[in-house]
Amino acid sequence: MDAHPPVATSRLPRFLLLFAVFLCAACGLVYELALTALGSYLIGNSVLQTSIVLSVMVFAMGVGSLAAKPLRRRAAGAFALVEGLLALVGGLSVLILYIAYAWLRIYTPGVVVIAFVVGVLIGAEIPLLMTLLQRIRKQEAGSAVADMFAVDYIGALIGGLCFPLLLLPTFGQIKGALVVGCVNALAGMVVVLWIFRRQLRRVVQTGLLAGLAAVLAVLGGAYALADDIEVTARQQLYRDPVVHAERTPYQQIVVTESPTLSGDGDMRLFLNGDLQFSSVDEYRYHEALVHPALSGKRSSVLVLGGGDALALREVLRYDDVEKVTLVDLDRAMTRLARDFEPLRHLNGGSLSDPRVTAVNADAFNWLRETRQRFDAIVIDFPDPDTAALAKLYSVEFYSLVSRALAPHGNLVVQGGSPFFAPKTFWAVDETLQAAGFATRPYNVDVPSFGNWGFLLARPAAEAHGEAPELRLAPDAPELRFLDEAVLQASEVFPVDRRSRNVRPSTLMDPTVLEYQRHEWNAY
């Protein structure tokens, strides 16, 4: 039993302790969200990463609660120590895991260990806080639990909202976690040391204050070095020098550039670590994507995705295109395409063309609201390797697309690699057909990607079930890669890469995500 007498009858100590509960709960949830977000950025499988972090942390919290029972006799000192360790581990967690991913390539074991340690420390908080609360003012157990958890849950709410709305935009992931670690250390140790200082021996007080100073010094030093560490670690992930990098609310954007034997630099764009184009051969991809779809009517064109504006560049090569709407989720991506001179040079400054309207919005929601109809639609999304992207390869999404497509208009979708991910490619084909399109699959070689596939489509009902003809417009501009002979050959798929038994993808059954993960993990 706890033999310590109540600290005081004043409301102020109790308020300060509950405020510490509030802050610690907010910090704990931020650590949880930071680990989840980091895994989604680096690994991409957001559902799996969330499941790993949550399940490990919840289990560890139970372990921590049990482990804290023997510490209740010295609850004040034990709580200050727990908060100091939690601030140190939680604050450094993102930085440590990023280093583990970049240099050591042991991210998943690392996140399991850190999630477990953080969970144990969070779990130890409540029994110790409950003991401290009762020392201030004895109350019935149910009432004390209600007070404690009410404040705890409110703190979690505030922490959950601050993470995406304040911490990420202001500090980024690494510095944001370090800032929260400092808040955690101060809230957990200083408040407790002030309220319960008379119950702690002077040597314990001195040790805890020294520990607090050490924790703040480590976190502050890491904050000061965070940018340099991040740049150095990031460079380990890429073969070529990084010339631009930024983390947005939606993704990490990295541009690399290196000289080639021809003298022209090879500029490459990566989103969340996945290659989007190489300037050496991107014209092959974008010519194959755009020009077959613009062989018919094209006065109004919709481009979904393609924030780098390279597909847009190809669309604007037709003088009779009167208006183009580009819808891309990430404002940072379209800003980069407009203002970053190497990329602006590559896309021909297409976002500055007066015919172009750029919209930064979620394509799914934008299609639900729009009443516009387009002669041709070009869909240039990244591969469906996350749940958010798989939504854009679903029957429901393509049904929305069909509403925005004018009668007898053409639609083209990049479908991934028929060689590396054949089930994914043919699942996109099946999904388009399930949404009411007649499709014409084709594939070309893009050296940076390998063999790559596309699907030209039009509404089956309006085309009497006939797939659109794969051809170039008679007035097509002079192209570097594509001609009629290449297009004719592109319809041929090797025997081992032809259509197979796959299911269409829907919002509730995202088969493209399942196929994508399984097939690319094999390489």
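Only this structure's heavy atoms are used, side chains among them; waters, hydrogens and symmetry mates stay out.
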Run the numbers on V30 and C162 for side chain to side chain contact (heavy atoms under 4.5 Å, CB included), then give the verdict. CA-CA 8 Å; V30 168; C162 283; 5.6 Å; no
Sub-4.5 Å side-chain heavy-atom contact between [X] and [Y]:
| X | Y | result |
| --- | --- | --- |
| P292 | V412 | no |
| F163 | V180 | no |
| F340 | V243 | yes |
| L97 | I114 | yes |
| S505 | V395 | no |

Could you pull out the closest heavy-atom pair between [X] and [Y], with the gap in Å?
| X | Y | result |
| --- | --- | --- |
| P468 | A438 | CD-O, 3.5 Å |
| L351 | A309 | CG-CB, 3.9 Å |
| L513 | P384 | CD1-O, 3.5 Å |
| E287 | L482 | OE1-N, 3.2 Å |
| S402 | F437 | CB-CZ, 3.6 Å |
| P441 | W426 | CG-CZ3, 3.6 Å |

Among side-chain atoms of D375 and S299, is any donor-acceptor pair under 3.5 angstrom? yes
Ignoring hydrogens and geometry beyond distance, is a side-chain donor-acceptor pair present between Y285 and D380 at under 3.5 Å? yes
[X] (side chain) donor-acceptor with [Y] (main chain) under 3.5 angstrom:
| X | Y | answer |
| --- | --- | --- |
| S55 | I52 | yes |
| E322 | D320 | no |
| Q414 | G416 | yes |
| T370 | W366 | no |
| T325 | T357 | no |
| E257 | V242 | no |
| N347 | A337 | yes |
| D281 | S448 | yes |
| Y107 | G39 | yes |
| S278 | R268 | no |

To the nearest 0.5 angstrom, please state how far the [atom1] atom of [X] sits from the [atom2] atom of [Y].
| X | Y | atom1 | atom2 | result |
| --- | --- | --- | --- | --- |
| E230 | R247 | CD | CZ | 6.0 Å |
| E369 | L400 | CD | CG | 10.0 Å |
| C24 | L29 | SG | CG | 13.0 Å |
| R234 | Q252 | CZ | CD | 6.0 Å |
| F420 | E519 | CZ | CD | 11.5 Å |
| T424 | R517 | OG1 | CZ | 11.0 Å |

Does [X] have more than 12 heavy atoms from other residues, nucleotides or ligands lying within 6.0 Å of its [atom1]?
| X | atom1 | answer |
| --- | --- | --- |
| K391 | NZ | yes |
| F481 | CZ | yes |
| D319 | CG | no |
| R331 | CZ | no |

Working for salt bridge (charged side-chain N to carboxylate O under 4.0 Å, His left out), residues R458 and E469: CA-CA 10 Å; R458 65 175 47 171; E469 182 182 354; over 6 Å; no
When the ring planes of [X] and [Y] are compared, do they come out parallel, tilted or perpendicular, using 30° and 60° as the limits?
| X | Y | value |
| --- | --- | --- |
| F277 | H286 | perpendicular |
| F171 | Y223 | perpendicular |
| Y393 | Y398 | perpendicular |
| F449 | W452 | tilted |

Short N-O contact, [X] and [Y], less than 4.0 angstrom:
| X | Y | answer |
| --- | --- | --- |
| E396 | R368 | no |
| E430 | K423 | no |
| D330 | R335 | no |
| D445 | R284 | no |

When you look at F425 and F454, which way does the ring pair (Phe, Tyr, Trp, His ring centres under 6.0 Å) test go after all the steps? CA-CA 8 Å; F425 178 79; F454 308 87; 8.5 Å; no
Show your reasoning for whether salt bridge (charged side-chain N to carboxylate O under 4.0 Å, His left out) applies to D475 and R298. CA-CA 12 Å; D475 59 344; R298 53 176 182 258; 2.5 Å; yes
Side chain to side chain contact (heavy atoms under 4.5 Å, CB included) evaluation trace for L367 with N365: CA-CA 5 Å; L367 285 170; N365 293 329; over 6 Å; no
Decide yes or no on side-chain hydrogen bond (donor to acceptor under 3.5 Å, both in side chains) for Q516 and H518, but give the supporting numbers first. CA-CA 6 Å; Q516 176 83 6; H518 175 76; over 6 Å; no
Only one of N360, D308, D339, D328 clears side-chain hydrogen bond (donor to acceptor under 3.5 Å, both in side chains) with T334; which? N360
Test ring pair (Phe, Tyr, Trp, His ring centres under 6.0 Å) applied to H291 and Y318, step by step: CA-CA 10 Å; H291 293 281; Y318 293 88; 5.5 Å; yes
For D429 and T439, run side-chain hydrogen bond (donor to acceptor under 3.5 Å, both in side chains): C-alpha distance rounded to whole Å, both residues' side-chain angles, the deciding distance at 0.1 Å, then the answer. CA-CA 7 Å; D429 183 46; T439 62; 2.5 Å; yes
Check step by step if side chain to side chain contact (heavy atoms under 4.5 Å, CB included) holds for R373 and L405. CA-CA 5 Å; R373 302 291 291 272; L405 188 61; 5.7 Å; no
I'd like to know whether L346 forms a side chain to side chain contact (heavy atoms under 4.5 Å, CB included) with L310, so could you lay out the CA-CA distance, the side-chain angles of the two residues, the decisive distance to 0.1 Å, and finally the verdict. CA-CA 7 Å; L346 190 63; L310 296 174; 3.8 Å; yes
Candidate pair E478 and R317, rule salt bridge (charged side-chain N to carboxylate O under 4.0 Å, His left out), full reasoning: CA-CA 10 Å; E478 183 177 352; R317 295 179 70 181; over 6 Å; no
